[in-house]
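Numbering of residues begins at 1 and proceeds along the displayed sequence.
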Amino acid sequence: MKKILSIASVLVFSTVLQAQSLTTAIEYLGAAASANAAQKQYQQARGEQPSTKVAFQMDVELSGRVHWGSNSILATGITYKTKPLKVGGNTTVFGGPGINLNLGVRINDSYFVGVGAQFEANFGNTKVTLGSEKYTVKATNMAVPIYGVFKIYLPSPVGVSPYFDIALGGYIPDWYILKDDSFKDYEWLVEGEKNIKIKGNELHYRAEKGGFYGHAAVGVDINHFQVSAGYELTTYTEDSNTRKFHNIFLKVGYRIGG
């Protein structure tokens, strides 16, 4: 068992390091599908009857991630003495936890098709601009991606099944909290009907819209317990400016059904 886990761990992390984009991830998906088909053919050649069951499956996963990217300058809709408060214009490195819930069906013990949602919170520092002043503040970003998910499992009789996981979707407008002691000294004004709250040294606001979300991962299922690692991509476009964030994550979870 230890040897199997070691091999699976090496496979997970080496694949993550080599995956440069979701295009590469789709190539891995094709390879996994070919390996699965070859295993089915091997079973048939031995006279074994492949499983044809369809069963409900739910995955509950906890994750941790490193989140980085170039953050274009965006207006918050907050002003002080006609000076607009803007966020970004720098490369940020965030990190934090997340929780995923996937619901769908497991087909022939080998394929999972479903939908999922993730709640993630990322913590770090970012740049803000107020008129000609620029400084760094603490920031929290919370997002909820919603996606379609497809997994390919390589089932085994000993309950250890490597799998490949790919998901595509989008995320709803995300939430931000900016925190700095100097915020208490300003009399902020909020433009229009923007959903912005000012609480002492914190500014709470929400983005105007969401964006694209996708992930690809490899993992192993051991008697319903799952461990995986992979890559996430999120993008956001406003006023022809596109920001792109990359995420490397590690997940642990439990499979119900399947």
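The nearest pair of heavy atoms linking Leu233 to Asn247 is N-ND2, 4.4 Å. For Ser156 against Ser161, the heavy-atom pair with the smallest separation is N-OG, 3.7 Å. Residues Pro173 and Ala207 share a closest heavy-atom pair of CB-O, 3.4 Å. Of all heavy-atom pairs spanning Ala167 and Tyr147, the tightest one is CB-CD1, 3.6 Å.
Here the side chain of Thr79 pairs no donor or acceptor atom with the backbone of Lys83 at under 3.5 angstrom. A donor-acceptor pair under 3.5 Å is formed between the side chain of Asp180 and the backbone N or O of Ser182.
The side-chain heavy atoms of Asn201 and Lys138, taken from C-beta on, include no pair separated by under 4.5 Å. Counting only heavy atoms from C-beta outward, the side chains of Phe94 and Asn125 never approach each other to under 4.5 Å. Contact check for Val137 versus Leu203: no side-chain heavy atoms found under the 4.5 Å cut-off. Using a 4.5 Å heavy-atom threshold, the side chains of Val220 and Val160 count as touching. Considering only heavy atoms from C-beta on, Ile107 comes within 4.5 Å of Val105 through its side chain. Counting heavy atoms from C-beta on, the side chains of Asn122 and Trp68 never come closer than 4.5 Å. Counting only heavy atoms from C-beta outward, the side chains of Gln226 and Lys151 approach each other to under 4.5 Å.
Tracing side-chain contacts under 4.5 Å through hydrophobic residues (I, L, V, M, F, W, Y), one never reaches Met58 starting from Val227; they form parts of separate clusters. Side-chain heavy atoms closer than 4.5 Å link hydrophobic residues (I, L, V, M, F, W, Y) into clusters, and following such links, possibly through other members, connects Val60 to Phe56. Hydrophobic clustering of Ile, Leu, Val, Met, Phe, Trp and Tyr side chains at less than 4.5 Å, counting indirect connections, keeps Phe123 apart from Val128. A continuous path of hydrophobic side-chain contacts links Leu130 to Ile198 [ILVMFWY only; heavy atoms under 4.5 Å]. The same ILVMFWY cluster, assembled from side-chain heavy atoms under 4.5 Å apart, contains both Ile166 and Val113.
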Side chain to side chain contact (heavy atoms under 4.5 Å, CB included) assessment of Leu250 paired with Arg65 | CA-CA 7 Å; Leu250 177 67; Arg65 64 183 33 74; over 6 Å; no

Working for salt bridge (charged side-chain N to carboxylate O under 4.0 Å, His left out), residues Asp221 and Arg255 | CA-CA 8 Å; Asp221 183 303; Arg255 170 174 56 86; 2.7 Å; yes

Kindly determine whether Thr129 and Leu85 satisfy side chain to side chain contact (heavy atoms under 4.5 Å, CB included), including the steps that lead there.
-> CA-CA 6 Å; Thr129 303; Leu85 180 68; over 6 Å; no

Can Thr235 and Tyr213 be said to form a side chain to side chain contact (heavy atoms under 4.5 Å, CB included), step by step?
-> CA-CA 7 Å; Thr235 65; Tyr213 170 86; over 6 Å; no

Quick one: do Val115 and Asn102 satisfy side chain to side chain contact (heavy atoms under 4.5 Å, CB included)? Show the steps, please.
-> CA-CA 6 Å; Val115 294; Asn102 300 326; over 6 Å; no

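Between Lys53 and Asp109 a salt bridge is recorded (basic side-chain N to carboxylate O distance below 4.0 Å).
Each of Glu120, Lys251, Glu232, His215 was scored for a side chain to side chain contact (heavy atoms under 4.5 Å, CB included) with Ser63, with one residue passing: Lys251. When Thr234, Ile146, Val144 are each tested for a side chain to side chain contact (heavy atoms under 4.5 Å, CB included) with Tyr171, only one passes: Thr234.
Rounding to the nearest 0.5 angstrom, the gap separating the CG atom in Asn141 from the CH2 atom in Trp175 is 10.0 Å. Considering OH of Tyr231 and CZ of Phe249, their distance stands at 11.0 Å, rounded to 0.5 Å. Put simply, CD on Gln118 and CG on Asn100 are 4.0 Å apart, with the number rounded to the nearest 0.5 Å. Of the inter-residue distances, the one linking Thr140 atom OG1 with Met142 atom CE reads 6.5 Å to the nearest 0.5 angstrom. Taken to the nearest 0.5 Å, the NZ atom of Lys209 stands 12.0 Å off from the CG atom of Asp174. Note: Ile256 CD1 to Asp59 CG = 8.5 Å, rounded to the nearest 0.5 Å.
Relative to the ring axis of Tyr153, Arg106 places its NZ or CZ within 45° and under 6.0 Å from the centre.
By the 30° and 60° cut-offs, the orientation of the rings of Tyr176 relative to Tyr205 is parallel. Using bins of under 30°, 30° to 60° and over 60° for the plane-to-plane angle, the ring pair Phe150/Tyr111 lands in the parallel bin.
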